[in-house]
Amino acid sequence: MLPPTLLLPPLIVARAQTAADPAAEQLRYGDDPLQAIDYWRAEKPGAPLVVFVHGGGWKRGDKSNATGRAKIAHYHALGYAFASINYRLVPEATVEEQAQDVADALAALRRQAGALGFDPRRIVLMGHSAGAHLVALVGTDMRYFERAGLKPDAVRGIVPLDGAAYDVAQQMTQAGPLMTRTYAQAFGTDPARQRALSPTLNAAKPNAPGFLILHVDRADGKEQAEALAAALRKAGTPTEIAALEGKGLRGHMQINRSMGDPDYPGTPIVDRYLARLFAQ
């Protein structure tokens with residue numbers, strides 16, 4: 001069962017000192033300490049917004065250490081506002097609650113768009129690893145958006161960075177012992193629940209308006225990304241997919257750490273996609 005929607009407006013509770021930008025604003029979208037957002041304003045009001053969801057196997061990770069080094073300064077230089085959200089973690093929370101946290105954080109940001117200085121009509125939701133799964137899930141299963149008071153077009157697009165478990169059951173057949181335990185902790189053993197948490201199996205419309213799916217050179221991530229792209233295209237959802245160099249875990253980490261670095265091949269791919277969506 002999906003959790004009730006949190007309707008609390010975000011509050012600016014502090015200004016965070018960060019290496020990337022000393023003017024990050026800390027926002028809240030719920031009562032739990034992990035229901036928090038770091039927000040960086042654009043230089044000009046009415047800017048587009050990139051919202052990032054960190055990875056960590058659904059059980060770890062934090063907006064302060066898993067956002068990547070280059071994204072904030074890079075997207076700020078392009079004139080965009082940037083937000084990085086935290087969400088409650090397994091096992092204290094379920095994946096269903098995590099997905100709802102993503103939708104609720106998005107809704108809270110949109111409610112404060114005027115005060116925060118961004119254009120609520122121009123938002124892209126990006127995530128890495130487990131965060132890629134979560135942004136793909138809320139972009140395909142509109143129950144999460146609906147419970148947060150959002151319509152499918154609450155974002156312009158979804159950008160998953162080297163996610164997995166887009167088809168949970170299929171992913172679990174390929175996982176080694178360590179990841180099998182991670183997936184079992186997150187998704188359990190009930191086939192119906194695994195299907196419900198699989199973006200590929202929920203890709204019939206309505207979906208978010210568009211997707212850019214990126215993956216590196218690892219067999220399961222490539223297979224999962226291609227299957228998700230095929231399901232979205234079959235549903236008529238505009239979808240692009242791009243393969244990047246970088247093998248295994250090293251490549252998986254690099255796509256997050258290096259996204260926003262102008263020398264990283266994935267950066268211009270995402271930049272062109274954002275520029276096209278935000279120009280509409």
Side-chain angles (χ1 to χ4, degrees), residues 1-42 45-56 58-68 71-72 75-76 80-135 137-139 143-151 154-155 158:
M1 179 180 295
L2 293 174
T5 301
L6 294 169
L7 296 178
L8 298 173
L11 300 174
I12 299 174
V13 297
R15 289 193 177 270
Q17 297 299 314
T18 71
D21 186 339
E25 297 169 35
Q26 294 184 337
L27 316 176
R28 301 205 52 79
Y29 64 93
D31 293 332
D32 190 282
L34 287 175
Q35 291 174 315
I37 306 168
D38 283 350
Y39 177 77
W40 290 264
R41 291 176 183 265
L49 171 64
V50 176
V51 180
F52 184 76
V53 182
H54 70 78
W58 301 272
K59 59 185 176 181
R60 63 174 70 92
D62 184 88
K63 58 183 171 51
S64 66
N65 61 24
T67 300
K71 295 183 187 69
I72 300 163
Y75 295 127
H76 186 266
Y80 307 154
F82 187 84
S84 184
I85 75 168
N86 269 356
Y87 50 90
R88 292 168 291 171
L89 300 173
V90 169
E92 285 76 18
T94 66
V95 175
E96 291 90 340
E97 289 172 324
Q98 293 178 331
Q100 195 61 56
D101 278 357
V102 172
D104 287 344
L106 176 63
L109 284 164
R110 285 176 56 90
R111 285 195 297 271
Q112 298 291 321
L116 294 172
F118 70 86
D119 182 353
R121 300 166 300 176
R122 293 189 293 164
I123 301 173
V124 161
L125 191 56
M126 178 188 300
H128 172 247
S129 193
H133 166 266
L134 292 172
V135 301
L137 183 59
V138 301
R143 293 179 300 167
Y144 298 102
F145 272 19
E146 182 179 355
R147 291 181 67 84
L150 300 173
K151 296 180 179 179
V155 296
I158 305 286

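Nearest heavy-atom pair across Ala99 and Leu134 is N-CD2, 4.0 Å. Taking all atoms of both residues into account, the shortest heavy-atom contact from Ile37 to Ala83 is CG2-CB, 3.9 Å. Taking every heavy atom of both residues into account, Met126 and Val50 meet most closely at CE-CG1, 4.2 Å. Considering all non-hydrogen atoms of both residues, Trp58 and Gln98 come closest at O-NE2, 2.7 Å. Closest non-hydrogen pair, Asp119 versus Gly46, comes out as CB-O, 3.5 Å. Across all non-hydrogen atoms, the minimal contact from Ala42 to Ala47 is CB-CB, 3.4 Å.
In this structure, Lys71 satisfies the cation-pi test against Phe52, with its NZ or CZ atom closer than 6.0 Å to the six-membered ring centre and inside 45 degrees of the ring normal.
No side-chain heavy atom of Leu34 sits less than 4.5 Å from a side-chain heavy atom of Glu92. Side chains of Leu27 and Leu116 form a contact here, defined as non-hydrogen atoms less than 4.5 Å apart. Counting heavy atoms from C-beta on, the side chains of Asp101 and Tyr29 come closer than 4.5 Å. Looking at Leu109 and Phe118, their side chains come closer than 4.5 Å, going by heavy atoms from C-beta outward.
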Go through the steps to decide whether Thr67 and Phe82 satisfy the test side-chain contact (heavy atoms from CB on, under 4.5 Å), and finish with yes or no.
CA-CA 11 Å; Thr67 300; Phe82 187 84; 3.7 Å; yes
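To the nearest 0.5 Å, atoms OH (Tyr39) and CD (Gln26) are separated by 15.0 Å. In this structure, CZ in Arg110 is found 5.0 Å from CD1 in Ile123, a value given to the nearest 0.5 Å.
Each of Leu106, Asp104, Val102 was checked for a side-chain contact (heavy atoms from CB on, under 4.5 Å) with Phe145, and the lone residue meeting it is Leu106.
Judged by distance alone, the side chain of Arg88 and the main-chain N or O of Gln35 form no donor-acceptor pair under 3.5 Å. Remark: side-chain polar atoms of Asn86 are paired, donor with acceptor, to backbone N or O of Lys63 under 3.5 angstrom.
Ring orientation note: the planes of Tyr87 and His54 are close to parallel, at an angle under 30° on the 30°/60° scale.
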